[in-house]
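Some notes on the structure that comes next.
This one's a predicted model, so the numbers in the text were calculated from it and none came from an experiment. When a ligand or atom number is given, it counts from 1 through the structure's own listing order.
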Amino acid sequence: MGKKESEKPPVEGRLGRRKFLKWSAALGGVTALSGTGFFYGLRSVESAEPFADKVVWTSCNVNCGSRCALRAFVKDGVVTRVETDDKGEDIYGDHQVRACLRGRSMRHRIYAPDRLKYPMKRVGKRGEGKFERISWDEALDGIAKSLGDTIEKWGNESVYLNYGTGNLGAVMSKSWPTGSTPVARLMNCLGGYLNQYGTYSDAQIDMALPYTFGKGWVRGNLLSDIVNSKLVVLFGNNPAATRMSGGGLVHDVIQARKKGYARIIVVDPRFTDTATTLADEWIPIRPGTDAALVCGLAHVMISENLVDNDFIKRCTVGYDEDSMPEGVPAGNSYKSYILGTGKDGQAKTPEWASKITGIPVRRIVQLAREIGQAEPCYISQGWSVQRQANGENNCRAISMLPILTGNVGVQGGNTGARESGYGIPFAPFPVLQNPVKTSISCFTWTDAIERGTEMTAKRDGVQGRDRLEAPIKFIWNYAGNCLVNQHSDSNRTSEILADDSKCETVVVVDNFMTPSAKFADYLLPATSNLEEDDFAPQGFSSEMGYVIFAEKVIEPLFESRTIFDICAGVAKRLGAEQKYTEGRTRAQWVEYVYQKSREKLPELPAKLEDAFAMGLYKREKPGLPPVPYKEFRDDPEGHPLRSPSGKLEIFSKQLWDIAHEWELAEGDVISGLPEYAPTWEGVSDPLRKEFPLQLIGHHYKQRTHSTYGNVDWLKKVAPQELWINPMDAEERGIVHGGKVKVFNARGVVYTIAKVTPRIMPGVLTLPEGAWFDPGKDGADHGGCVNVLTTLRPSPLAKGNPQHTNLVQVEKA
Ligand SMILES: Nc1nc2c(c(=O)[nH]1)N[C@H]1C(S)=C(S)[C@@H](COP(=O)(O)OP(=O)(O)OC[C@H]3O[C@@H](n4cnc5c(=O)[nH]c(N)nc54)[C@H](O)[C@@H]3O)O[C@H]1N2
Ligand SMILES: Nc1nc2c(c(=O)[nH]1)N[C@H]1C(S)=C(S)[C@@H](COP(=O)(O)OP(=O)(O)OC[C@H]3O[C@@H](n4cnc5c(=O)[nH]c(N)nc54)[C@H](O)[C@@H]3O)O[C@H]1N2
Ligand code: SF4
Ligand SMILES: [Mo]
């Protein structure tokens with residue numbers, strides 16, 4: 001391999017570490033110093049020799065929306081320290097891709113005591129967590145036999161690849177989208193598998209917003225574009241915690257904040273890290289009520305003539321009675337709905353909105369004026385707003401604000417969607433085609449185990465068929481904790497999985513004994529990404545694209561294997577080895593993918609080893625931030641949208657038809673307009689008499705979902721806690737740091753209270769991703785929010801409504 005950094009000539013000279021630190025600090029080079037290493041701002045490699053034989057570039061590949069470079073110090077085959085990108089001048093556009101607190105604790109993750117060491121087979125009841133050690137041959141023989149038998153008896157549609165984003169940042173060992181993984185390639189060699197659509201991240205917006213903007217992913221202006229905005233309103237968008245990388249979006253906001261003049265308002269039930277550090281104002285809102293707020297704002301905008309009538313006339317349908325699609329009775333336009341002249345006769349006044357959202361009337365009126373007068377105004381939403389039982393309407397509603405004010409298709413404006421990113425292309429690991437076309441929403445797999453063949457297109461959102469042909473009988477769970485931890489209703493899900501007459505085989509491939517791993521029949525130890533060669537292209541980033549060349553840092557720990565080799569082993573046993581490998585080893589595929597990428601990026605070094613030595617390739621985004629939908633805005637007839645009318649569909653006739661054709665459960669709302677839909681377990685559900693508090697579960701800096709959840713350091717810095725407002729706490733005798741019991745009909749969770757005015761009264765949040773730890777008492781002692789979430793899917797996308805929950809809490 002190429003020259004390691006430690007072999008390169010010293011730049012600062014060979015000073016000792018302490019001396020070097022002192023020297024560098026004197027020059028202002030040290031930004032932070034800790035007992036275990038030093039952080040960014042310090043060119044430390046050349047002083048590394050006492051600690052390491054070599055320093056190797058690697059990456060953090062988890063699903064946090066960012067992607068960071070790590071530099072692993074290795075001594076005698078052991079990682080002794082982990083640092084991050086400290087190269088170059090760190091000029092914006094060529095800035096350092098610095099890791100957050102999680103990536104920097106990678107050493108504690110890969111060497112965690114619960115690391116899986118060898119293949120294991122279940123003994124006892126599924127889910128009990130009892131296993132016996134077996135050899136790789138026994139494991140692969142057993143899996144191949146079960147897989148072959150399942151396909152023969154139930155068909156390929158009974159095999160499911162469960163959602164798993166633990167290694168989504170990789171290329172060779174990619175774990176998500178499930179259809180682009182080595183497991184998908186294996187199954188495609190064997191006749192295929194049941195597909196999934198949607199994501200746990202954004203199922204509802206992904207499905208619903210294109211009914212307004214036309215087919216395909218609805219783009220947003222880059223966050224770097226807020227440098228051109230006058231006002232920024234972030235609905236439940238929290239880049240300071242959800243896009244934490246130095247190469248990620250929080251950095252773009254910080255940069256834009258330095259150069260621009262935009263006022264930033266955060267609308268969120270929580271006073272988030274973004275609100276505390278990057279915003280000018282926090283407007284607390286009750287979960288699931290953003291659509292009601294938008295209605296109240298629209299009422300003011302229409303009444304006070306703050307609407308961009310020219311834009312609306314040229315670019316939209318459904319705003320007033322004159323622009324309605326055919327076949328819809330009178331009184332169904334947006335204006336009729338807002339002004340109360342439509343079917344419900346209710347004017348959506350600020351007073352009406354205030355009662356639902358909890359936001360004072362005068363603040364709603366003022367916000368409408370601010371948005372209506374700011375030119376341009378950047379409105380965006382995170383994905384919590386749509387990860388709700390009424391999420392499809394909430395997300396479409398927020399996009400009404402830029403539509404009403406003509407902020408779509410302008411520099412410094414936005415579509416109301418979450419921001420887009422910029423990136424450079426990198427070749428994928430090819431996975432072949434899935435012959436099976438049937439697909440279920442990724443959230444409905446527990447249903448597909450229980451009542452698979454009853455699931456239909458119009459009731460359960462089955463795609464590609466009217467009805468599922470077979471229940472799920474075999475699950476591949478690679479780099480995912482969605483079996484029980486990240487899916488909803490952990491107790492019920494555990495019951496469904498525990499019945500091995502239903503789903504007959506569960507294969508889990510992971511690094512740790514996670515709550516999901518305990519439900520495996522075959523539990524396979526995977527290499528961590530530090531134990532294999534791979535590539536990691538950028539996550540969400542505004543002004544710079546990059547790729548990390550992540551070279552193998554250490555040999556695979558214990559008996560762990562790469563996912564490629566595991567799948568090749570199964571393929572071999574089922575007569576598909578040649579088709580799977582095409583005669584290449586994993587190392588040869590790494591080379592293949594690299595050379596394919598050079599066709600798109602010819603400036604990369606000819607030799608892979610030189611790329612590994614280089615570690616990071618970055619490219620600044622040329623030009624101004626692009627403006628999505630500008631062509632459409634300028635010339636709607638010449639550049640129509642991919643919607644039935646070619647315009648922005650404020651009223652969607654397609655949704656109106658679906659609402660009339662689908663079989664919807666009581667309380668499920670699909671509507672042509674982005675109406676506020678009061679919902680089950682929402683703010684106005686009578687169930688609040690029993691369970692009065694709304695519960696959300698924000699994405700937390702301690703973990704990326706459940707990954708890093710077993711790291712001692714991180715648990716100390718950012719412990720798992722239930723956020724509760726002092727008013728709600730006092731009423732219940734709950735004190736800060738005290739133990740609490742959170743519960744509803746689905747389960748009980750014990751955790752610690754964080755009593756804080758940073759969460760609004762009536763709302764609790766228990767950050768998602770803590771590890772489910774059921775005790776003998778039937779309660780969870782790990783603080784896992786999914787004990788309290790429901791398996792009931794959202795109406796249209798059949799997505800996970802994991803922020804829509806009612807609970808009670810008491811002192812424990
Ligand atoms: N540190 C960290 N970063 C992550 C992740 C992680 O686990 N940890 N996960 C990553 C992944 S896969 C994803 S999909 C994204 C998720 O990104 P999001 O879905 O945007 O993240 P959430 O934390 O669920 O929600 C963002 C904010 O919305 C607020 N909120 C909740 N309900 C409502 C509501 O009804 N209205 C309004 N206005 N606000 C609401 C929450 O309090 C929270 O502050 O994050 C990514 N980034
Ligand atoms: N209540 C609630 N639940 C939620 C959410 C929410 O907002 N609220 N958010 C949802 C969202 S947006 C998402 S994306 C999902 C995410 O859910 P998951 O995709 O399940 O993500 P993780 O919990 O990070 O689990 C990843 C697993 O991969 C393993 N892993 C990590 N690296 C590797 C590797 O290199 N190889 C192998 N084999 N394994 C590896 C980790 O140990 C971990 O067990 O959670 C969803 N769940
Ligand atoms: S968790 Fe995300 S932001 Fe943190 S180091 Fe890893 S990739 Fe970077
Ligand atoms: Mo996600």
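Between His698 and His803, the ring centre distance reaches or exceeds 6.0 Å. For Tyr160 and Phe474, the ring centers are positioned 6.0 Å apart or more. Between Tyr708 and His108, the gap from one ring centroid to the other reaches at least 6.0 Å. The aromatic ring centres of Phe429 and Trp589 sit less than 6.0 Å apart. A distance below 6.0 Å separates the ring centres of Phe535 and Phe426.
For Arg115 and Glu559, the salt-bridge test fails: no basic side-chain N is under 4.0 Å from an acidic carboxylate O. With salt bridges taken as basic N to acidic carboxylate O contacts below 4.0 Å, one links Arg122 and Asp521. Taking 4.0 Å as the cut-off between side-chain N and carboxylate O, Asp85 and Lys618 count as a salt-bridged pair. Salt bridge annotation for Asp534-Lys174: absent, with no cationic side-chain nitrogen under 4.0 angstrom from a carboxylate oxygen. Using a cut-off of 4.0 Å between Lys/Arg side-chain N and Asp/Glu carboxylate O, Arg71 and Glu83 are scored as salt-bridged. Lys798 has no carboxylate O lying under 4.0 Å from a charged side-chain N of Asp447, or vice versa, which leaves the two without a salt bridge. The pair Asp565-Arg586 does not meet the salt-bridge criterion, since no charged nitrogen lies less than 4.0 angstrom from a carboxylate oxygen.
If you look at atom 8 (Fe) of ligand 3, the protein N, O or S atoms less than 2.8 Å from it are Cys68 SG.
Some N or O of Thr707 is nearer than 3.5 Å to an N or O of ligand 2, by distance alone. Of the polar atoms of Asn63, none of the N or O atoms is found under 3.5 Å from an N or O of ligand 2, judged by distance alone. Considering backbone and side-chain N/O atoms, His487 never comes within less than 3.5 Å of an N/O atom of ligand 2.
Nearest non-hydrogen protein atom to atom 45 (O) of ligand 2 is Gln486 NE2, 3.0 Å. Shortest contact from atom 34 (C) of ligand 2 to any protein heavy atom: Asn511 OD1, 3.4 Å. Summary of contacts: the protein heavy atom closest to atom 13 (C) of ligand 2 is His705 CE1, 3.4 Å. Atom 42 (O) of ligand 2 has Asp510 OD1, 2.7 Å as its closest protein atom, hydrogens excluded (heavy atom only). Counting protein heavy atoms only, atom 5 (C) of ligand 2 is closest to Gln802 OE1, 3.4 Å. Residue, atom and distance of the protein heavy atom nearest to atom 1 (N) of ligand 2 are Asn786 OD1, 2.7 Å. Protein heavy atom in closest approach to atom 21 (O) of ligand 2: Thr165 OG1, 3.4 Å. Nearest non-hydrogen protein atom to atom 10 (C) of ligand 2 is Tyr200 CB, 3.7 Å.
Residue Val785 has at least one heavy-atom neighbour below 4.0 Å for each of these atoms of ligand 2: 1 (N). Per-residue contacts place Thr704 under 4.0 angstrom from the following atoms of ligand 2 (heavy atoms of the residue considered): 24 (O). Near Tyr163, with a cut-off below 4.0 Å to any heavy atom, the atoms of ligand 2 are 14 (S), 19 (O). Every atom of ligand 2 with a heavy atom of Cys482 under 4.0 Å away is listed here by number and element: 17 (O), 18 (P), 20 (O). Atoms of ligand 3 found under 4.0 Å from any heavy atom of Thr704, numbered from 1 in the order shown, are 1 (S). Atoms of ligand 2 found under 4.0 Å from any heavy atom of Ser201, numbered from 1 in the order shown, are 12 (S), 14 (S). Close contacts between ligand 2 and Ala526 involve ligand atoms 37 (C), 38 (N) [criterion: under 4.0 Å to a heavy atom]. The distance from ligand 2 to the heavy atoms of Val509 drops below 4.0 Å at these ligand atoms: 38 (N). Atom numbering of ligand 2 starts at 1 in the shown order; those under 4.0 Å from a heavy atom of Thr514 are 44 (O).
Between Trp771 and Phe512, the ring-plane angle classifies as tilted under the 30° and 60° cut-offs. Between Phe540 and Trp383, the ring planes lie perpendicular to each other; the angle is over 60°, past the 30° to 60° tilted range. Using cut-offs of 30° and 60° for the angle between ring planes, the Tyr200 and Tyr163 rings count as tilted.
In this model, a donor atom of one side chain and an acceptor atom of the other lie less than 3.5 Å apart for His487 and Thr446. For Glu392 and Ser794, the side-chain atoms include at least one donor-acceptor pair closer than 3.5 Å. One side chain, Thr704 or Arg102, offers a donor N or O that lies under 3.5 Å from an acceptor on the other.
Gly164 counts as a contact of ligand 2, since one of its heavy atoms falls under 4.0 Å from the ligand. Using a 4.0 angstrom heavy-atom cutoff, His803 counts as in contact with ligand 2. Ligand 2 lies within reach of Arg109, whose nearest heavy atom is under 4.0 Å from it. Taking 4.0 Å as the cut-off, Asn485 does not count as a neighbour of ligand 2 on heavy-atom distance.
Contacts between Arg387 and ligand 2, counted as non-hydrogen atom pairs separated by less than 4.0 Å, involve the side chain only. Contact annotation: for His699 versus ligand 2, heavy atoms closer than 4.0 Å belong to the side chain alone. If you look at Trp383 next to ligand 2, there are no close heavy atoms at all, none under 4.0 Å.
Residues forming a side chain to side chain contact (heavy atoms under 4.5 Å, CB included) with Ala517 (at least two apart in sequence, or on another chain): Val508, Met513, Thr514, Leu523.
For atom 23 (O) of ligand 2, the choice among Cys442, Ser706, Gly769 with the nearest heavy atom turns out to be Ser706.
Screening Asp252, Leu249, Leu234, Val253 for a side-chain contact (heavy atoms from CB on, under 4.5 Å) involving Glu419 leaves a single residue, Leu249.
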